[in-house]
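One structure below.
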Amino acid sequence: MNPVLWQAMGTEFILIFGVLLLIVSEHWLEISGKISGIVYICILFSAVMWTVLNFPKQTIIVSHIYKSNRFTGVIELMILTFFILFHLGGYMREDKNTSSFDGAIRIFELMMLSGLLVTAGAVDLKLMYVGLELFSISVLLKINCYFEKRNIDFIHGSFWQILGSGTILLGMSIINWCIGSNQYEMIMSHLANSGHGQETILIGISFILTGVLIKTGMVPFHGWLLRLQKQIPMTVYISIYTASSLILLILLSRITCNVIWPMELFRSVFITALGGVTIFVCFLSCFMENNFKNWFIHLYLGFQGIVILGLNAVRKLNLRSGFPDGLTAAVFQWIIIILTLVVWMFFSSEIKSQDKQQFTYFRTLVKSVLFLNSAVLIGIPLTAGFSGRFYLLGSLLFQSKWVAGALLATGSLAAGYAVYSGRRMVMISVQQKGGLMVHYGIISLLGALVFYLGLFPSAFVSKLTISLHMIW
Amino acid sequence: MNGFPMVTTITLFPAVMAVFLSFWSSRSSKKTAFLSAASVFISLAITLYVLVKYFLIGNLEVTVPEERLTWFPDIGSFYHLGIDGLSIWFVFMTLLAGFTGLVWSALKEQQPSRFYIFFLILISSCIGIFVAKDLFLLIFFWGLSILPLLLLIDVEQKRRQSSIFVKSFVYHFGSYLLLITSVILISVTASKFSGVFSFEMEKLSRITFPIIFQKWIFWLLFIGLSVRMSLFPFHGWLSDIVTETSGVVSAFILSVVLKTGIYMFVRVGILYCPDVVLKYQSLIMYVALITMIYGALIALVHPDMRKVILFSTMSFIGFALFSLIMLNNRGMNGSMMIAINHGFVVLILFLAIIFLKEHFGTVLIQDLGGVSSVFPGLAVLFYIASFAYIGFPGFGLFPGFFLAMSGIVLNQPIWALVSGFGLVIGAVSILATGQKIFRGMKTDLVAHYEVVDKKRNWLWGVPILILSIWIGITPGSMFKTVDPSMLFIQTTIKSHRILNELRQDEGWSPLQHFYNPHLQHRKKESDPIQ
């Protein structure tokens with residue numbers, strides 16, 4: 001096999017190998033249950049090790065359709081680490097109590113991650129589409145495991161996924177018809193150099209972006225995901241949300257930096273509008289929700305809007321001191337938000353949708369952890385939430401993005417209130433059952449990380465900046 | 001004590017104790033309270049040492065060693081703490097108010113341990129605001145002070161009504177976001193001039209910002225700080241918070257938390273936006289006057305004793321801002337001296353009212369009368385504190401009032417009369433309240449009250465009163481420390497005023513220069529180089 005290809009796509013190969021391994025162990029060797037979970041963890045861990053050992057110091061281009069560099073390396077590390085943590089946090093306990101403790105879930109999850117990583121490295125619309133399709137099909141199949149019979153919401157969700165695929169294909173066709181290629185670089189050079197056909201390319205890109213929003217269940221096309229989530233466990237929704245939000249962040253970053261970079265007005269208007277609408281719709285819904293799951297989903301989708309706003313201030317790296325640019329600030333903020341989701345994974349094994357009028361006290365530890373989680377989400381000083389929000393606002397104001405800055409400030413205020421408005425639902429819905437020592441250990445580590453990133457984020461952020469700016 | 005991080009110890013010791021208490025599961029409320037008070041006392045003792053050694057008897061040229069460590073190198077922010085002649089008094093006031101509150105709480109209240117944890121964090125964060133020499137650090141402490149403030153409401157809200165919490169949250173968090181934005185704007189704008197990204201206040205103060213940026217920064221800051229200073233019409237949160245939290249916390253808010261707003265206005269608002277402050281001097285003056293008169297009038301008619309003190313404090317803040325915005329030496333020094341001395345005296349008055357509430361179960365003026373027959377010592381204390389509060393000669397507020405009024409008369413003799421009217425109404429409201437409660441006709445509630453507690457319930461206020469009398473008799477001790485700290489700000493304002501006058505003599509104002517394209521065009525034409 002071509003060593004360059006192996007080096008570039010090693011992580012994806014490991015994950016695909018993992019899929020095959022799980023299929024063999026599940027269906028032929030009839031190994032399931034806890035051993036299947038351990039195999040799954042080992043596969044993810046091997047992928048992490050591969051990424052760390054082969055973290056490309058230089059960009060590796062594979063046939064002009066795939067690019068492996070430190071940007072893709074960071075994305076791989078982030079997603080794999082979070083999924084290991086998710087697994088440790090919630091899956092084992094969740095699946096013990098349900099019938100879903102089988103390899104199928106994990107097979108689809110590995111397929112989902114492979115799709116995500118292929119999308120992150122793709123520098124061609126076709127490969128991007130393949131990765132996205134692999135991702136969305138895996139998500140649907142994974143959700144399907146939780147339905148015992150035909151379900152109208154699942155059909156509804158599938159319809160939206162197909163619609164999303166069609167929209168992306170239409171956009172790709174328009175661009176291919178216009179410039180004869182689907183490579184990011186070619187599209188960017190056409191947008192930068194000639195006025196001829198610019199509008200057509202932009203229409204094609206608009207279709208692609210709409211399709212991506214539909215497929216990732218992002219506002220304003222999040223209805224199908226809301227309907228589906230009611231019937232799936234909370235932990236499954238969290239993993240799907242994490243993957244969807246990351247794939248959206250990757251695609252928006254890639255399209256912003258590698259495709260529509262010369263069209264400053266277009267990207268600025270699109271990202272500001274998307275972030276603003278998301279914040280407005282989701283946090284407003286949070287204030288009115290009485291159902292914990294709906295509140296939770298709207299809350300995190302709202303935070304997704306805050307992260308998206310950061311992409312308004314992407315700029316090419318210079319060595320001058322100052323605020324990190326929008327890309328770093330957005331990814332940093334995303335990491336912090338997902339850290340809070342890991343905490344949810346530990347405590348959401350018994351989520352029940354109940355009315356918020358009741359109020360019950362729980363153990364001090366659970367209350368403290370959830371309090372710290374809320375402080376991170378609101379952005380209280382000392383926690384990583386504060387530094388993340390400060391960087392985000394700073395990067396926007398540094399680039400004179402006033403509208404986005406104002407939206408972010410309003411969004412932060414709304415986010416604070418949204419977190420507060422759901423505190424009783426949180427208390428009533430989250431229960432703690434016993435708990436393993438490893439859980440408490442990981443929770444303590446996460447707490448330390450939250451304070452460390454809140455007080456000394458500079459070293460981490462500067463490394464993140466250097467890695468993420470390999471996107472160019 | 002060379003090499004000993006005194007400022008850090010003063011600032012963070014209460015917070016460290018709060019962390020310790022959060023892990024220490026003692027069921028005894030008194031033990032927790034005394035431990036908290038002890039930690040604040042240690043900070044207070046170090047502050048007193050610094051005050052006496054470096055500012056009162058020491059050579060003023062020798063400054064307290066500042067503490068500076070790299071913190072956020074990518075954005076040019078440092079962990080930079082320092083105490084100067086102005087901040088030392090504010091720190092002292094904070095610790096004294098905190099210590100008194102904690103001892104009071106230990107002796108008279110049964111509070112859960114989380115109350116002490118939040119209160120200690122509030123004390124630490126307020127000190128942090130006064131000693132921060134880096135804008136990022138300042139805003140960090142500012143944000144940190146909001147959380148305990150809100151959580152202390154939650155501790156006390158027995159009925160679990162969320163409306164007051166939400167209202168306070170929106171006020172404080174909203175204003176905080178405005179402040180963060182303005183601080184980032186200051187740093188970002190400065191970096192475009194100096195080429196170096198920094199949040200250090202001293203470095204930033206050397207830069208003259210363009211008027212358009214000054215305008216943005218100033219209005220963001222002013223609106224953000226108006227909430228903390230509870231200027232009209234942003235005072236809505238204060239009334240609720242004072243009635244819904246513990247008396248000790250309310251006293252601390254009136255004594256210290258409101259002053260953080262005026263302190264930041266001096267340190268950041270005036271220093272970084274001198275041209276805009278000069279331009280909108282009249283507007284700020286009117287806001288201050290309205291706050292002052294409104295506060296005094298409400299205090300005069302309000303039936304709730306706590307609200308009388310609250311609205312008279314609001315009136316004081318208005319007056320302090322009014323004299324500050326005169327932007328002359330006397331007005332600015334007087335304003336700061338009022339802010340500090342008010343913090344000492346309001347503590348006595350408010351705690352006395354809380355004492356009455358605990359014994360009679362009411363805070364309504366109409367329900368009390370002739371209390372001096374039951375608590376004669378407390379009546380004397382309240383009367384003396386009232387005289388101190390209205391600025392009677394011999395007390396700490398007198399030199400402040402004197403300087404402030406002379407500063408106002410110098411610039412605005414007509415408005416000085418109006419502000420004097422406001423002061424008189426404020427004084428009447430306090431004296432009338434004291435007279436009605438202690439000397440008025442004995443009400444049924446007081447007549448049927450059986451004195452169980454025969455301890456000397458007035459002793460706690462005596463040290464603070466002695467301090468006020470000492471400052472009143474030797475005002476120079478405070479003035480000589482405050483004045484040098486204000487000198488730099490005054491010099492900046494003076495130089496900008498002269499510059500603006502010179503520019504106006506030449507036929508254009510700085511605002512026109514930035515807004516009128518014709519003038520810019522004409523200037524380019526007349527410039528031989530271009």
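Per chain, numbering begins at 1; letters A, B, ... match sequence-line order.
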Check: [X] ring centre within less than 6.0 Å of [Y] ring centre:
X	Y	value
A/Phe398	B/Phe197	yes
B/Phe222	B/Phe218	yes
A/Tyr300	A/Phe296	yes

- [ ] For A/Asn312 and A/Ser268, test the side chains for any donor-to-acceptor distance below 3.5 angstrom and give the result as yes or no.
- [x] yes

TODO: Verify the distance criterion only: is there a donor paired with an acceptor across the side chains of B/His80 and B/Glu67 at less than 3.5 Å?
DONE: no

Open item on the list: Strictly below 4.0 Å, N to O, side chains only: are B/Glu202 and B/Arg68 in salt-bridge contact?
Closed with: no

Using heavy-atom distances under 4.5 Å, tell me whether [X] contacts chain A through its side chain, its backbone, both, or neither.
X	answer
B/Tyr176	side chain
B/Phe136	side chain
B/Leu147	side chain

Task: Option that, when pairs with chain B are counted at under 4.5 Å, heavy atom only, ranks first among A/Pro457, A/Ala459, A/Ser462 - done: A/Pro457

Heavy-atom contact with chain B under 4.5 Å, split by part of [X]:
X	value
A/Leu393	both
A/Phe390	both
A/Leu455	both
A/Tyr417	both
A/Leu408	neither

TODO: Could you please spell out the steps behind the side-chain hydrogen bond (donor to acceptor under 3.5 Å, both in side chains) verdict for B/Ser145 and B/Arg228?
DONE: CA-CA 11 Å; B/Ser145 70; B/Arg228 191 51 86 87; 3.0 Å; yes

Open item on the list: Counting heavy-atom pairs closer than 4.5 Å to chain A, which one of B/Phe173, B/Trp142, B/Phe72 comes out on top?
Closed with: B/Phe72

